[in-house]
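Scroll down for the structure; my scribbles are underneath it.
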Amino acid sequence: MQKPKDIAIENFNYDLPDERIAKFPLEKRDESKLLLYNNGAISHTIFKNLAQQLNSGDLLVCNNTKVIQARLLFQKETGAHIEVFCLEPISPHDYVLTFQTTKECTWKCMIGNASKWKHDTILEKKVMIEGKELIFKAERGETIGNAHYVRFFWDDETINFASILDAFGVLPIPPYLHRETVERDKVTYQTVYSKIKGSVAAPTAGLHFTNDVFDSLREKNIECEEVTLHVGAGTFQPVKSETIGDHEMHTEWISVKKSVIEKIRQAGKVVAVGTTSVRTLESLYYIGCQLAENDQLAETDLKVTQWMPYESGYSLSTEEALDAILHYMQANELETINANTQIIIVPGYTFHLVKAIITNFHQPQSTLLLLISAFVGDDWKKMYAYAMDNGFRFLSYGDSSLLKK
C-alpha cells in the first residue's frame, strides 16, 4: 500500500478553464448549485434545499472566523508601491489582544515588492479614522522563510489596530480571481455567521448559508455549532513538490468551546461545513490523544503536527479522545480550548469525527483536493467531471457539494 508521503501530486490534476472560475458570487447565496455525493451516487440540487438532504439529529459544525482587511498598501516617497500582507500576530501573539492594542504590534507578513523596502526605512501613511488623522507606520524586521516580521506603530493611543485595518486595509480576495477587491466583497466574502476576526481567506463553503437556510435546518431539528480556525494564506499555496511528503503545511490557530465538544461527543452524525472545519474537528482527536497520554501539558503545547495522524500510532476511540479533552478542560477550568494545527489530510487518512462534508470545488493539485480524495477516494474525479458537465461554478465564489459516506 502506498505511503501517504509518497502520493504524487500530479495524480490530482484536472483541467479547469478560467471561465469556470466564479469571479463574483451569485446575487442570492443559497441559489448556488449543490452537488450530492452519497456512497458513489451523484446528483445535484440547489443549496437552499440543504435541509432536505440531512437527517434530524445531524450536527452541522461551521467555522465562524471573520476575514480581516489584511492587505496594507504603502507608497514610498520614491513612488514605489509596497504591499504588506498580515498573516498572523507575533506580539501580542493572541488575536484578540493584537486587535485591541492601541500603540504598536508586530505581525508575520508577506511583503510585495520587498526589494524596494530597505530594513532601515520606515513606511508611513496618513489614515483618517473617526474624523481624526493618524500617522500609521511600518518597520521591517527579521526575515522568516519567505515572510517577514513587521512592527506597526501609530501616534494615537485612542485608536486600536482593528480600527486601523478596517480603515486602511484591503480585503484579500483569492489571487486566482485575477481582479481587484471591490466594495461588495466586504459583505459577500464573509459568511453570515462570521464573528471572530483573524482569517486572511474565507471558509468558503459557508458562503452559501443564509438565515433562511438556517431556519429550514432548525425546523428539521438539525443543530449548528461553531468552531474557529483562522485561515492562513497557505491555503492558496500550490503544492510545488512532486510528492506530498515534500510539501510543508502551514500552521493555523484553532479554538473550540467546551459546550461544542460536548455536543460533538453526543451527536449522531457530524457534518463539517468546509475543509477548515474538517481540519479543526479532526485535529481534536489528536489533541485528545496527546492529553490522554499527558494531561499535564500546557495549553500552549497543544499542537497537531503535519504527519502526526500517520506516524503517531494512536488507537483511542473518538469518544475517549474527546473525553480526554473534556477532562483536561474541567481540571483546568477552561471554557475554550486553543491549539495550533498543521494537520494534512490525504488519501490513507482515517476520519474520526467527520461523517459528512459540505465543500466547494477546489484548485487542481491542492491539499484541499487531497482532503476530498481522502474522504471519497478516486470518486472525486467523477464528482468534478459531473460538475463540469452540469455547469457548476468553481473555487471560492463557486458552487458547493455535500459528501456523505
Side-chain angles (χ1 to χ4, degrees), residues 65-77 80-129 132-172 196-201 228-237 248-255 298-303 336 338-342:
T65 188
K66 191 177 185 74
V67 185
I68 61 172
Q69 296 180 192
R71 294 175 60 212
L72 301 172
L73 309 177
F74 293 89
Q75 185 173 6
K76 293 176 59 181
E77 292 181 357
H81 291 272
I82 310 291
E83 176 177 328
V84 182
F85 190 157
C86 297
L87 297 178
E88 62 175 291
I90 300 301
S91 177
H93 188 61
D94 181 271
Y95 279 89
V96 174
L97 293 179
T98 200
F99 290 129
Q100 291 176 346
T101 190
T102 57
K103 189 174 182 181
E104 67 172 70
C105 57
T106 299
W107 279 66
K108 183 179 180 181
C109 303
M110 302 288 286
I111 298 175
N113 208 12
S115 63
K116 298 292 186 181
W117 186 10
K118 296 180 180 178
H119 283 269
D120 59 352
T121 302
I122 293 178
L123 303 179
E124 67 175 62
K125 184 161 184 166
K126 293 180 181 178
V127 184
M128 291 297 296
I129 300 178
K132 295 187 289 186
E133 186 177 84
L134 173 144
I135 306 298
F136 180 63
K137 300 181 180 182
E139 180 180 35
R140 182 175 167 182
E142 182 182 353
T143 299
I144 309 294
N146 61 351
H148 312 264
Y149 287 165
V150 176
R151 182 173 76 98
F152 300 109
F153 53 106
W154 53 100
D155 63 352
D156 188 334
E157 294 189 15
T158 67
I159 303 296
N160 62 29
F161 190 59
S163 298
I164 292 171
L165 288 184
D166 288 343
F168 174 33
V170 177
L171 197 78
I196 313 298
K197 290 183 176 182
S199 279
V200 299
T228 305
L229 178 146
H230 288 323
V231 189
T235 192
F236 296 132
Q237 294 297 322
E248 183 178 1
M249 281 290 283
H250 50 293
T251 299
E252 293 169 316
W253 179 86
I254 63 175
S255 180
E299 193 179 7
T300 52
D301 293 330
L302 299 179
K303 179 177 181 178
T336 302
N338 302 304
N340 289 304
T341 185
Q342 197 186 10

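Annotation for Val96 and Asp94: closest pair N-OD1, 2.9 Å, computed over non-hydrogen atoms. When every heavy atom of Leu87 is checked against every heavy atom of Val200, the shortest pair comes out as O-CG1, 4.3 Å. In this structure, Gly169 and Gln69 approach most closely via the heavy-atom pair O-NE2, 2.9 Å. The minimum heavy-atom distance between Ile68 and Leu171, with the atom names listed, is O-CD1, 4.0 Å. When all heavy atoms are compared, the tightest approach of Asn160 to Trp154 is C-CZ2, 4.3 Å. In terms of heavy-atom proximity, Ala201 sits nearest to Val231 at O-CB, 3.4 Å.
Note on ring orientation: taking the six-membered ring where Trp is involved, the planes of Phe161 and Phe136 are tilted (angle from 30° to 60°).
Using a 4.5 Å heavy-atom threshold, the side chains of Leu72 and Glu83 count as separate. By the 4.5 Å heavy-atom criterion applied to side chains, Cys109 and His148 are not counted as neighbours. Taking 4.5 Å as the limit, every side-chain heavy atom of Thr106 sits out of range of all side-chain heavy atoms of Val150. Here the side chains of Ile254 and Thr228 are not in contact, with every heavy-atom distance at 4.5 Å or above. Contact of the Cys105 side chain with the Pro92 side chain is registered, since non-hydrogen atoms from C-beta on lie closer than 4.5 Å. Under the 4.5 Å side-chain criterion, counting only non-hydrogen atoms from C-beta, Phe74 is in contact with Phe168. Side-chain contact check for Thr143 versus Tyr149: every heavy-atom pair is 4.5 Å or farther apart.
Few gaps surround CD on Glu133; more than 12 heavy atoms of other groups in view lie less than 6.0 Å from it. The environment of Gln75 atom CD is dense: over 12 non-hydrogen atoms of other residues, nucleotides or ligands sit within 6.0 angstrom.
Between Asp166 and Ser163, the side chains place no donor N or O within less than 3.5 Å of an acceptor N or O (distance only, hydrogens not considered). No hydrogens or angles considered: nothing links the side chains of Lys197 and Thr65 as a donor-acceptor pair under 3.5 Å.
Here Asp155 contributes atom CG and Lys132 contributes atom NZ; the two are 10.5 Å apart, rounded to the nearest 0.5 Å. Rounding to the nearest 0.5 angstrom, the gap separating the OG1 atom in Thr98 from the CD atom in Glu88 is 11.0 Å. Glu252 contributes atom CD, which lies 7.5 Å from atom OG of Ser199 (distance to the nearest 0.5 angstrom). Between Ile164 atom CD1 and Phe99 atom CZ the span is 12.0 Å, to the nearest 0.5 Å. Between the NE2 atom in His230 and the CG atom in Asn340 there is a gap of 11.0 Å [rounded to 0.5 Å].
Both tests pass for Arg151 against the ring of Phe153: distance under 6.0 Å to the centre and angle within 45° of the axis.
A distance below 6.0 Å separates the ring centres of Tyr95 and Trp253.
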- Please test Thr102 against Thr158 for side chain to side chain contact (heavy atoms under 4.5 Å, CB included), starting from the C-alpha separation and ending with a verdict. CA-CA 6 Å; Thr102 57; Thr158 67; over 6 Å; no

- Which is it for Trp107 and Val84 under the side chain to side chain contact (heavy atoms under 4.5 Å, CB included) test, yes or no, and what are the steps along the way? CA-CA 10 Å; Trp107 279 66; Val84 182; over 6 Å; no

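Among residues two or more places apart in sequence or in another chain, the side-chain hydrogen bond (donor to acceptor under 3.5 Å, both in side chains) test is passed with Gln100 by none.
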Pairs of donor and acceptor atoms involving the side chains of residues 111-128, under 3.5 Å and at least two apart or interchain, shall be tabulated with distances.
residue: Asn113; atom: ND2; partner: His81; partner atom: O; Å: 2.9
residue: Trp117; atom: NE1; partner: Thr121; partner atom: O; Å: 2.8
residue: Lys125; atom: NZ; partner: Leu73; partner atom: O; Å: 3.3

